[in-house]
Amino acid sequence: MAKSNKDASVKRSIATEVIFAPGENIPAKTRTVYVVPRGDGWAVQRQGGGSIRTHATQRDAIKEARSEVKIQSSGQIVVYGRDGQIRERNTYKMPPIQNPPGKRSAKIEKAVDKVTRDRLGADPLPPRG
Amino acid sequence: MASASKQVFVNCPFDPGYKPMFDALVFAITDLGFGPRSSREEDDSGEIRLAKILRIIEECKYGVHDLSAVQLDSVNHLPRFNMPLELGLFLGCKKYGGDAQSQKATLIFDSEEHRHQIFISDLAGNDIHAHNDDIATAIRELRTWFATASKRRGLPGGSDIHERYLRFQADLSAICATARLRPDDVTFTELRQMIADWLNRNR
């Protein structure tokens, strides 16, 4: 039973939605590929509004995001969870960003996350329980 | 905190007219994978300003110094000497600080290539980089200099950094509004975190 569920999940994950036309002009200088929650699935989206595909499972979306970023000479993957937190971030052939010294502001980090997620059209965060 | 080999002392004016250039340099240094430091950063030590500057200089391998604000003040008719003073401290630390400080590297900006010869001729023979008060030029010069000085491969290109800086600027007012901060009140420490957090999500 578990195996058939897995198979169904894999089938659903194959390019279920293409919002932007193939071959559209994706800015060459934008390199982040995101995985964000959308509806019941997970959308893979390029920085700058490039092609979006949705997958039924986050795992498959991450897999596609990895292959997308490896096509580029360099870039990064950012994976948002349904709670609005970054679950995974990987940089490829780019220098990592240094953590600033001193205390971090949680409200600044949340604000940057919200602005980024809003621009991507990610699902809004669930209400606090 | 970044190791000393990745920290950069940013010795630039703080006046409002220079802020776009200051923000752009802090952004570019961060995007290149280095950690910008400034005498404006907040700490709890309560040390006096000069002691704080000396400590930060000692902790930084790289120095980015902009002399373009060394000009007569319209009110007092006197030049601003903080930047040349801190450049001198940085060069002195490199010269007299022993082996640990001898690897320091210095980038000196001015608005025009030969202007410094009029007011600080002792710098003759040093390579002064002119940014012509243009942010794109400053970022390109900064990136080229860091590629040589750090010998690091894989640094992002100057045009890529500039394009990201413009996108960051476009997001900045929304970030400030969401964080309930007035853009004019954002401190250096807050700006540095905003830039690092934004780049970690939007490079």
Worksheet item: Where on Asp113(A) is there a heavy atom nearer than 4.5 Å to chain B: the side chain, the backbone, both, or neither?
Response: both

Worksheet item: At what distance, to the nearest 0.5 angstrom, does NZ of Lys110(A) lie from CD1 of Ile175(B)?
Response: 16.0 Å

Fill in: Contact check, side chains of Pro156(B) and Ser74(A), non-hydrogen atoms, under 4.5 Å
no

Fill in: Contact residues of residues 185-201 of chain B (partner chain A; heavy-atom separation under 4.5 angstrom)
Glu190(B), Arg192(B), Gln193(B), Met194(B), Ala196(B), Asp197(B), Trp198(B), Leu199(B), Asn200(B), Arg201(B)

Worksheet item: What's the spacing between Lys107(A) NZ and Leu181(B) CG if we round to 0.5 Å?
Response: 4.5 Å

Discussion item. Other residues, nucleotides and ligands only: do more than 12 of their heavy atoms fall within 6.0 Å of NZ on Lys94(B)?
Written reply: yes

Discussion item. Counting neighbours of CD on Glu113(B) that are heavy atoms of other residues, nucleotides or ligands and sit closer than 6.0 Å, is the number greater than 12?
Written reply: no

Discussion item. Under 4.5 Å from any heavy atom of chain B, what part of Ile86(A) do you find: side chain, backbone, both or neither?
Written reply: side chain

Worksheet item: Quick check: does any side chain N or O of Gln98(A) sit under 3.5 Å from a backbone N or O of Gly33(B), one acting as donor and the other as acceptor?
Response: yes

Fill in: Nearest heavy atoms of Thr178(B) and Val115(A), plus distance in Å
OG1-CG2, 4.0 Å

Worksheet item: Rounded to the nearest 0.5 Å, how far does CD1 of Ile97(A) lie from CZ of Arg203(B)?
Response: 3.5 Å

Worksheet item: Would you say the side chain of Arg119(A) lies within less than 4.5 Å of the side chain of Asp171(B), judging by non-hydrogen atoms?
Response: yes

Worksheet entry | Residue, of Arg104(A), Lys93(A), Glu109(A), that accumulates the most heavy atom pairs under 4.5 Å with chain B | Arg104(A)

